[in-house]
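A short worksheet on the structure shown next.
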Amino acid sequence: MRRRVRAFGAGLAAVTMAALGVAAASGTTVASGDAGTNHGWRSADWPTWQLNTQGTRFNVNERTITPRNVGRLELKWAYTFGNVPYSRVGSQPAVADGTLYVGGPDGKFVALDARSGRTKWTYDANAVTGPLPDGNPNGIRDGAAVSGDKVFFGDSTGRVFALNRRTGKAVWVSQASEQPNSAMTSSPLVVGDRLFIGVSTLEAGFARDFNYPCCRHRGQVVSLDVRTGKRIWNYYTLPPAKEVGTWPSGAKKYAPSGGSVWSSPVADLRTRTIFVGTGQNTTGAEGDIDSVIALSMDTGKVRWKNRMTFPDTYTTACELEDPGEYCPGQGTTALDADFGASANVITVRGRTLVTIGQKNGMYYAFDARTGRVAWQTELAPGPHGGVGVQWGSVFDGRYIYGATWHDDPSRLIKLDAATGRVVWEAAHPADGCTTGGAAQFQEMCLPIFTPAPSGTPGLIYEGSGDGKFRIFSSSTGEVLFTFDAIRDFAGVNGVPGRGSALSGNGGAVIANGMVYVMAGYYPFYPTDKGTVMLAFGLK
């Protein structure tokens with residue numbers, strides 16, 4: 001496939017990261033953390049969703065697992081999340097000081113011994129919130145962040161929780177978003193005494209019900225005081241929705257809505273700026289949709305914003321065979337081309353860039369100070385969403401690694417961070433749906449790279465909708481390790497489980513010689529057991 005690369009400006013060469021650095025093999029420097037990131041934990045910990053404030057997803061200090069010994073990885077234990085069949089395991093674990101913290105689709109948030117999987121404590125978010133309006137548990141889909149003596153996470157009711165990380169007791173619970181149907185897939189970013197988190201919604205899925213008064217929710221970014229949970233500032237991506245008529249069913253119609261913030265913020269600590277991507281409209285056609293936005297950490301005021309696709313009005317009703325007026329932009333402006341991925345903050349010869357993938361197949365580098373495009377590369381054909389980068393990418397100090405989604409075939413791609421040039425592409429293995437546990441479900445199997453990739457020196461880790469977890473050589477794109485998760489597991493917590501697709505927003509976490517992956521998202525392969533988290537270590 002022909003790749004279009006367009007560079008804006010010249011002389012972008014040697015790549016470094018402006019933070020605490022460790023020399024890499026290429027002679028560049030790679031940040032392992034910064035003053036607002038590692039929080040005093042072990043150097044090879046993974047204490048937050050993006051690993052650090054810049055969002056590298058690259059654990060430069062994890063050197064136990066190498067390209068030479070990666071084939072010796074074996075399953076050490078599995079943890080089963082309750083017994084909620086067909087549930088979404090979206091939370092990604094955080095690992096700090098020998099403890100793993102993770103939430104489940106059953107609303108339970110647990111602290112486990114990172115080596116053995118032994119449960120240290122359990123906290124039930126449902127005891128605070130009760131079930132969701134549809135009767136399902138208040139599932140936890142975002143990843144945790146550990147800072148000081150607390151661990152933070154969001155839930156499916158717009159709340160953010162701060163727990164004592166040693167006891168699991170609640171320090172505070174904050175209603176970060178008071179809008180009905182608010183939810184968090186965005187994971188908390190903690191910098192000093194402030195927490196930043198994006199707000200998305202369950203509402204887009206309700207649009208399949210033609211009697212639902214669609215839609216009123218608007219995306220948010222919220223800053224909270226980590227000591228008290230008190231809101232410091234609040235940024236909305238859209239103006240408030242107003243009643244604008246009725247749907248053919250007679251249900252009230254509201255607009256504008258949408259602009260959800262699905263991904264986790266990243267930060268430039270030098271300028272005290274956070275960066276987020278936004279979703280599309282669900283009704284109407286206005287606001288900060290399909291945008292990358294830079295906000296002041298201190299005030300929440302916009303420093304710049306760049307809207308990359310417009311208009312784009314899309315809900316799940318557009319997936320129906322004949323949605324009629326319920327998908328007004330069908331075939332034209334119902335693109336689903338939002339930014340669901342988190343960004344990376346990198347420095348190229350003294351120039352700080354914000355790099356991020358879009359669901360329509362484009363990958364961008366923005367000047368972090370001005371928001372102007374430094375380069376852009378087409379990774380997959382657009383303009384519609386579903387082909388491009390879904391949840392995030394890796395920066396190893398010189399190269400960026402991103403994965404295309406419903407591309408044909410789905411691919412893991414290595415980019416030169418200075419220019420956007422494609423270095424190599426690794427196509428999804430062609431036998432993904434005809435081998436292993438997926439082979440008996442070929443009609444529903446999806447050979448797609450959905451999660452955010454992760455990295456350690458020499459290796460890139462990525463899961464697939466075919467239920468297989470793979471580790472690639474970062475030098476060549478060769479598959480060095482494969483594990484099929486579509487099988488039964490005896491949970492270390494005494495609950496039988498079954499693995500499913502490795503997708504959703506959470507990617508692999510690699511910390512202190514262990515690898516953790518979540519195996520329980522779409523496609524939902526048939527099972528009557530709970531979904532699982534898998535922990536690997538060297539033999």
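Note that CD1 of I274 is 11.5 Å distant from OG1 of T53, once rounded to the nearest 0.5 Å. Of the inter-residue distances, the one linking D155 atom CG with I140 atom CD1 reads 7.0 Å to the nearest 0.5 angstrom. Taking CZ of R303 as the reference point, atom CG of L295 lies at 9.0 Å (rounded to 0.5 Å). Interatomic distance, CD of Q220 versus OG of S200, reported as 10.5 Å (0.5 Å rounding). To the nearest 0.5 Å, the span separating CG on N281 from CD on E286 amounts to 7.5 Å. Separating the CD atom in Q54 from the OG1 atom in T352 is a distance of 10.0 Å, to the nearest 0.5 Å.
Judged purely by atom type and a 3.5 angstrom limit, T80 has no side-chain atom pairing as donor or acceptor with the backbone of V532. Formation of a donor-acceptor pair under 3.5 Å by the R470 side chain with backbone atoms of G463 is not found in this model. The closest donor-acceptor contact from the side chain of D113 to the backbone of R118 lies at 3.5 Å or more, if one exists at all. Using modelled atom types, no side-chain atom of S177 and backbone atom of S182 make a donor-acceptor pair closer than 3.5 Å. The backbone N or O of A337 sits nowhere less than 3.5 Å from a side-chain atom of N360 that would complete a donor-acceptor pair. A donor-acceptor distance shorter than 3.5 angstrom exists from the side chain of R411 to the backbone of L379, with no hydrogens or angles considered. Between the side chain of N306 and the backbone N or O of V292, no donor-acceptor pair lies under 3.5 Å. At distances below 3.5 Å, not a single donor-acceptor pair connects side-chain atoms of S410 with backbone N or O atoms of H406. In terms of modelled atom types and a separation under 3.5 Å, the side chain of E203 and the main chain of P180 share no donor-acceptor contact. A donor-acceptor distance shorter than 3.5 angstrom exists from the side chain of S174 to the backbone of G229, with no hydrogens or angles considered.
The shortest heavy-atom contact between F449 and E462 is CB-OE2, 3.4 Å. Closest approach of S187 and P265 over heavy atoms only: O-CD, 3.7 Å. The shortest non-hydrogen separation linking V146 to A94 is CG2-CB, 4.1 Å. When all heavy atoms of A501 and Y522 are compared, the closest pair comes out as CB-O, 3.2 Å. Here the closest heavy-atom approach between residue P47 and residue L51 is recorded as CD-O, 3.8 Å. Taking every heavy atom of both residues into account, A125 and F161 meet most closely at CB-CZ, 4.0 Å.
For the 3.5 Å distance criterion, the side chains of Y314 and D312 fail to qualify, holding no donor opposite an acceptor. A donor-acceptor contact closer than 3.5 angstrom is absent between the side chains of W391 and T450. Using a 3.5 Å distance cut-off with no hydrogens or angles, the side chains of D124 and N126 do pair a donor with an acceptor. Judged by distance alone, the side chains of N512 and D45 do bring a donor and an acceptor atom under 3.5 Å apart. Y461 and T456 share a side-chain donor-acceptor pair at under 3.5 Å. Of the N and O atoms on the side chains of S186 and S263, not one donor lies less than 3.5 Å from an acceptor on the other residue. Side-chain N/O atoms of Q280 and T282 include no donor and acceptor closer than 3.5 Å. With hydrogens and angles left out, the side-chain atoms of S257 and T283 include a donor and acceptor closer than 3.5 Å. Inspection of the S393 and N344 side chains reveals an N or O donor paired with an N or O acceptor under 3.5 Å. Inspection of the Y235 and D288 side chains reveals an N or O donor paired with an N or O acceptor under 3.5 Å.
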### Query
Is there a salt bridge (charged side-chain N to carboxylate O under 4.0 Å, His left out) between R369 and D268 once you walk through the steps?
CA-CA 10 Å; R369 183 177 60 86; D268 180 355; over 6 Å; no
### Task
I would like to know whether D367 and R351 meet salt bridge (charged side-chain N to carboxylate O under 4.0 Å, His left out); could you show each step before the answer?
CA-CA 7 Å; D367 184 290; R351 183 185 187 189; 2.9 Å; yes
### Message
Assess the residue pair V226 and V190 against the criterion (side chain to side chain contact (heavy atoms under 4.5 Å, CB included)); give the C-alpha distance rounded to whole Å, side-chain angles, the decisive distance to 0.1 Å, and a yes or no.
### Response
CA-CA 8 Å; V226 300; V190 179; 4.0 Å; yes
### Task
Check the pair V387, W405 against side chain to side chain contact (heavy atoms under 4.5 Å, CB included), reporting the backbone distance first and the verdict last.
CA-CA 5 Å; V387 296; W405 190 23; 6.0 Å; no
### Message
Set out, in order, the CA-CA distance, both residues' side-chain angles and the distance that settles side chain to side chain contact (heavy atoms under 4.5 Å, CB included) for I510 and S454, then state yes or no.
### Response
CA-CA 8 Å; I510 312 96; S454 306; 3.6 Å; yes
### Message
Checking R194 against M297 for the side chain to side chain contact (heavy atoms under 4.5 Å, CB included) test, could you report, in this order, the C-alpha distance in whole Å, the side-chain angles of both residues, the deciding distance, and whether it holds?
### Response
CA-CA 8 Å; R194 297 198 175 194; M297 283 188 188; 5.7 Å; no
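Remark: K414 is positioned above the aromatic ring of Y399, its terminal NZ or CZ atom under 6.0 angstrom from the ring centre and at most 45 degrees off the axis.
Look at D225 and K230 and you find no salt bridge, because none of the NZ, NE, NH1 or NH2 atoms lies under 4.0 Å from a carboxylate O. Between D298 and R272 there is a salt bridge, with a side-chain nitrogen of the basic residue lying less than 4.0 Å from a carboxylate oxygen of the acidic one.
In this structure the side chain of Q358 never reaches within 4.5 angstrom of the side chain of D338, judged on heavy atoms. Between L112 and M533 the shortest side-chain heavy-atom distance falls below 4.5 Å. Within the 4.5 Å cutoff, no side-chain heavy atoms of S91 are placed close to those of F81. Side-chain contact between T201 and F206 is absent, with no heavy atoms from C-beta onward closer than 4.5 Å. Side chains of V102 and Y79 form no contact here, defined as non-hydrogen atoms less than 4.5 Å apart. In this structure the side chain of P451 never reaches within 4.5 angstrom of the side chain of Q92, judged on heavy atoms. Residues W304 and T370 form no side-chain contact, since every pair of their non-hydrogen atoms from C-beta on lies 4.5 Å or further apart. A 4.5 Å side-chain heavy-atom check between F58 and P457 finds at least one atom pair inside the cut-off.
Test V394, I460, T404 against L412 for side chain to side chain contact (heavy atoms under 4.5 Å, CB included) and you get one pass: I460. The one candidate from Y516, F469, W77 that meets the side chain to side chain contact (heavy atoms under 4.5 Å, CB included) condition with F536 is F469.
With sequence neighbours excluded, the residues that form a salt bridge (Lys or Arg N to Asp or Glu O under 4.0 Å) with D336 are K359. Under the salt bridge (Lys or Arg N to Asp or Glu O under 4.0 Å) criterion, R218 pairs with no residue at all, not counting sequence neighbours.
Environment of CZ in R307: crowded, with over 12 heavy atoms of neighbouring residues, nucleotides or ligands closer than 6.0 Å. Within a 6.0 Å radius of CZ in R231, more than 12 heavy atoms belonging to other residues, nucleotides or ligands are found.
F109 and F153 have parallel rings, their planes meeting at less than 30° on a 0 to 90° scale where 60° marks the start of perpendicular. Aromatic ring orientation, W375 versus Y363: parallel (interplanar angle below 30°, classes split at 30° and 60°).
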